[in-house]
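Read the structure below first, then the notes.
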Amino acid sequence: MSKEITNRAADYAQWYNDLVLKGQLADYSAVRGCMVIKPYGFALWEKMRDTLDQMFKDTGHENAYFPLFIPKSFLSREAAHVEGFAKECAVVTHYRLKNDPDGNGIIVDPEARLEEELIVRPTSETIIWNTYKTWIQSYRDLPLLINQWANVVRWEMRTRLFLRTTEFLWQEGHTAHANAEEAIAETLQMLDIYADFAENYMALPVIKGVKTASERFAGAVDTYCIEALMQDGKALQAGTSHFLGQNFAKAFDVKFSDKENKLDYVWATSWGVSTRLVGALVMAHSDDDGLILPPKIAPVQVVIIPIYKGSEQKEILDAKGKELTERLKKAGIRVKFDSNDNNRPGWKFAQYELKGVPVRIAMGLRDLENQTVEVARRDTKEKTSLPLEGLPERIEQLLLDIQQQMYQKALDYRQLHITAADHWDEFVRLLDEKGGFIAAHWDGTAETEEVIKDKTKATIRCIPLNNPQEDGVCILSGKPSRERVLFARAY
RNA sequence: CGGGAUGUAGCGCAGCCCGGUAGCGCACUACGUUCGGGACGUAGGGGCCGCAGGUUCGAAUCCUGUCAUCCCGACCA
C-alpha cells in the first residue's frame, strides 16, 4: 500500500489527482486552469502523438500548421459553430503594454486596441476553411487531407488535470472531399484509427458510436465518437470524428469544379484527440500503488535496479546492469538502468510502481551466482526468477502479455458494466449503484434526453455502430423505440 | 457563475482564538554507516508568513480591502 496516494475507493477524484501529481505527469501552474506537463507526462503524450501521427500519415494525411489567432468575425460565419463556442473563448483585444503613468507597474495601453479582436482558437475549422477557399478550385485538388498538432484554449468554468484544462494539446484533422460518401468514409476511417489506437496501444476498450443531435459537435452533421469506461463507472469520450457536410464550405464559400465543370461546395470532416487521452489512460488502468502503463506507450518499459552492498558489489552490478541494458535495447525495448546510489532499492521499487513502469528487473549478487534476475510485472505484481540467458526474448514476450492482459482486464470490466435496463426505477438504481453504461430504449427526442439528464445526470454517450435493432419502449416516455442507446454519467 | 476551503522554506503542514526572538516533517548540502520492499546517525544551509492598507510601542497573529489557487455544483472534450 502506498504511503502517498489517496485510496481509490475512498476518494476517486483525489486518487486521480495524486496519480497525476505524484506520478510526475503534470503540475498545477501559476495560471488558473492551465497545467505544466512534466517530462514524464510529456514523454507519454509524445508516445501517443508519434504513434497516431504515423497512423495518419499511413492513411495519406499531411501535417500543416495554422494560426493560433482567429479573427472574431470568422467564428460567427457558421451559426451553430459560434453558438457552441462563444461562451468559452479567450479574446485578444490589445497588442501593447505600457508603464502605468501612476507608477503602478505596467498596464494595457488603451491606445493599442485591435481594430478586430482575435480569438485564441478553441478549434480551427474557421481559420482552416477560410484558407481552404484559396487552396481548392477543382476536383483535382481533392481530397485535401490535412492534420494539425496544436494547442487550443477553451475557457471552461472548471478544470481537471488532463481531463479538462483551459489550454490543451491535441491534433485536429480537417479534410475536404468531392462528395458526401467519400467524406463519410473518411469520418469513419478516422474513427477506426482512434479505436485501433485506444485498444491496441492504450489497452483501452472503446465503443464506437454516433452522438445524438444534442451532443453533436457545433457545426457538424454527424458526430462519431469512441467512448471509454473509467474505473469509477463513469464514461469518458476519448476521441471524436465529425462529418461536417457542406456547412463550413458554405460558410466560407469553398467551391470546386467537378469533372463536368459543375460548381459545388466541398464536403468536410474534422477529427481530434487531445491530452485528455493521458487522463483516460491513468483512470482506466491504475491502482492504489500508482500508475499502470501499457507497454506499448510506456516511456520506460523496463527498469533495472541493482542490489548491492558496498562499492565493490556496486561495480560488479554496474557492469552487469549496463550489459543487460544494452542487450534489451538491441531487442528494441525501452529500458532504464537505475544505478543511482542515493536511493535504496525499496525506495526505487515503490517509485517505479508509482510511475507505472510495466516491468522491473532486480539483480543482486545472489541472482548473478545463479545466472538469473528477478522480474516483476507492474500490473499483477507477480515476481519470477528468470535466467539471464535469453532474457530479452522473454521480456519481449512478457511485455506483449502485459499489454494483452491489461486490455482484457479493462474489457472484462467494461463488459460487466454494460447493463440493460427496461424500467425507469431500474435505470436510476443501476446508475446510482453500479455505474457504467446502461443500454436502454429512448424515444429519439431531444426533450426526453434533456429530462433524463436533468433527473439523473446521465447522458446518451452514443448510439453504437451496428447497433442491433430491437423493438421496445422509451425508458422515460414509454413511446416506441427501435433500438437501445448507451447512457452513462460522464466526464 | 454559485457554494466551500486554503495561501507561512522546494513540498506537506503547525503556530493565529489569547499580538512579544518563525517552528515541525520530508526534501536539500557534507561526512560516516547502510542497501533483496519507501534506511539511520552527526553537522549544516534555506523565510518580506500571498499582496496592499490600517490598529498598536510591537502584527504571521487583530481589522479592512485585494489577488491567487484548489475542491464541490451548473457548462463542456
Side-chain angles (χ1 to χ4, degrees), chain A residues 1-6 11-14 16-18 21-22 24 27-35 84-89 104-105 122-123 152-172 194 211 214-218 223 225-228 235-242 270-280 289-290 305-314 317 339-354 360-369 372-374 376 381 383 385 453-454 457 459 461 490-491:
Chain A
M1 187 61 65
S2 170
K3 280 181 174 180
E4 310 186 344
I5 297 173
T6 303
D11 185 345
Y12 194 83
Q14 191 54 48
Y16 172 78
N17 281 339
D18 283 353
L21 296 169
K22 288 170 180 158
Q24 292 174 43
D27 236 333
Y28 294 110
S29 75
V31 184
R32 182 221 308 256
C34 295
M35 64 177 174
F85 285 104
K87 291 173 304 216
E88 51 189 43
C89 285
N104 296 322
T123 180
V152 289
V153 167
R154 295 183 189 175
W155 215 267
E156 303 284 357
M157 294 299 174
R158 197 159 113 57
T159 59
R160 294 196 62 189
L161 294 166
F162 285 111
L163 297 176
R164 179 169 301 106
T165 45
T166 301
E167 179 191 14
F168 57 94
L169 306 182
W170 79 345
Q171 59 69 216
E172 46 181 329
Y194 288 156
K211 288 287 189 188
S214 42
E215 297 279 330
R216 204 175 273 156
F217 174 75
T223 286
C225 62
I226 51 171
E227 291 285 330
L236 182 95
Q237 180 176 307
T240 50
S241 185
H242 315 291
S270 71
W271 27 274
V273 297
S274 72
T275 34
R276 171 178 252 205
L277 286 180
V278 177
D289 293 320
I305 297 173
I307 293 160
Y308 52 84
K309 301 179 194 197
S311 56
E312 269 173 47
Q313 289 192 9
K314 177 170 165 52
L317 282 154
S339 59
N340 189 332
D341 195 33
N342 295 333
N343 298 309
R344 297 161 79 250
W347 188 89
K348 292 178 185 175
F349 291 175
Q351 201 55 210
Y352 289 106
E353 275 164 15
L354 176 58
R360 179 187 73 227
I361 297 177
M363 53 194 287
L365 285 194
R366 194 207 288 166
D367 301 292
L368 292 183
E369 278 167 24
T372 61
V373 289
E374 182 195 79
K381 295 285 188 69
K383 289 189 227 181
S385 191
K453 187 179 175 186
D454 286 347
K457 290 180 188 163
T459 49
R461 301 317 302 159
Y491 279 96

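Every chain is numbered from 1, with letters handed out A, B, ... down the list of sequences. This one's a predicted model, so the numbers in the text were calculated from it and none came from an experiment.
Across the C1' atoms, B:G15 and B:U55 are found 22 Å apart, a figure rounded to whole Å. Across B:G47 and B:A74, the matching P atoms stand 45 Å from one another, rounded to whole Å. Between B:G38 and B:G19, the two P atoms lie 47 Å apart (nearest whole Å). Nucleotides B:C67 and B:A77, compared at atom C1', are 30 Å apart to the nearest Å. Between B:A14 and B:U56, the two C1' atoms lie 26 Å apart (nearest whole Å). Remark: the separation of the C1' atoms in B:C17 and B:A27 is 33 Å, to the nearest Å. With P as the reference atom, B:A22 and B:C1 are 40 Å apart, rounded to whole Å. Taking atom C1' on both B:C49 and B:A60, the two are 4 Å apart, rounded to the nearest angstrom.
To the nearest angstrom, P of B:C35 lies 14 Å from CG of A:L317. Rounded to whole Å, the distance from NZ on A:K22 to C1' on B:A27 is 14 Å. Atom NZ of A:K314 and atom P of B:U33 are 16 Å apart (whole Å). Between the C1' atom of B:A77 and the CZ atom of A:F162 lies a distance of 15 Å, rounded to the nearest Å. With rounding to whole Å, A:R160 atom CZ is found 12 Å from B:C70 atom P. Between the CG atom of A:L21 and the P atom of B:C11 there is a distance of 13 Å, rounded to whole Å.
Phosphate proximity of B:C71 to A:N17: present, with a side-chain N or O under 4.0 Å from OP1 or OP2. Contact annotation: A:K87 does not reach the phosphate of B:A74 (side-chain N/O to OP1 or OP2, under 4.0 Å).
Heavy atoms of A:A13 sit under 4.0 angstrom from primed sugar atoms or phosphate atoms, though from no base atom. At the heavy-atom level, A:E374 lies under 4.0 Å from base atoms of the strands shown. Among the protein residues, A:Q237 comes within range of the sugar-phosphate backbone only, with heavy atoms under 4.0 Å from sugar or phosphate atoms but none that close to a base. Residue A:G310 is in base contact, counting any heavy-atom pair closer than 4.0 Å across all strands shown. Within 4.0 Å (heavy atoms only), A:R360 reaches at least one base atom of the nucleic acid. Among the atoms of the strands shown, none is found under 4.0 Å from any heavy atom of A:K211. Residue-level contact check: A:L169 touches neither bases nor backbone, having no heavy atom under 4.0 Å from any strand. Using a 4.0 Å heavy-atom cutoff across all strands shown, A:L163 reaches at least one base atom of the nucleic acid. Among the heavy atoms of the strands lying under 4.0 Å from A:T165 is at least one base atom, whether or not backbone atoms are also near. Among the atoms of the strands shown, only primed sugar atoms or phosphate atoms (P, OP1, OP2) are found under 4.0 Å from some heavy atom of A:Y28. At a threshold of 4.0 angstrom between heavy atoms, the contacts of A:E353 include nucleobase atoms, whether or not backbone atoms are also involved.
Mapping A:T166 and A:K309 onto RNA chain B via the closest heavy atom, the residue that lands nearer the 5' end is A:K309.
Between A:T459 and A:R461, the side chains place a donor N or O and an acceptor N or O closer than 3.5 Å (distance only, hydrogens not considered).
Looking at A:R276, its side chain does come within 3.5 Å of a backbone N or O of A:L163 through a donor-acceptor pair.
Comparing atom distances between the A:D341 side chain and each of B:U34, B:G37, B:C75 picks out B:U34 as nearest. Across B:A74, B:C76, B:G36, the shortest atom-to-atom separation from the side chain of A:K457 is found for B:A74. Distances from the side chain of A:R154 to the nucleotides B:G38, B:G36, B:A77 place B:A77 closest. Of all nucleotides listed (B:G38, B:G36, B:C76), B:G38 comes nearest to the side chain of A:A350.
Ring geometry, A:H242 versus A:F217: the interplanar angle falls under 30°, so the pair is classed parallel (tilted spans 30 to 60°).
Evaluation of atom-type donor-acceptor distances gives a pair under 3.5 Å for the side chain of A:K383 against the base of B:G37. Side chain A:R344 to base B:G36: no donor-acceptor pair is found below 3.5 Å. Side chain A:D367 to base B:G36: a donor-acceptor pair is found below 3.5 Å.
Geometrically, A:R360 engages A:F349 in a cation-pi contact, judged by NZ or CZ lying under 6.0 Å from the ring centre and within 45° of the ring axis.
The heavy-atom pair separating A:A238 from A:V273 by the smallest distance is O-CG1, 3.6 Å.
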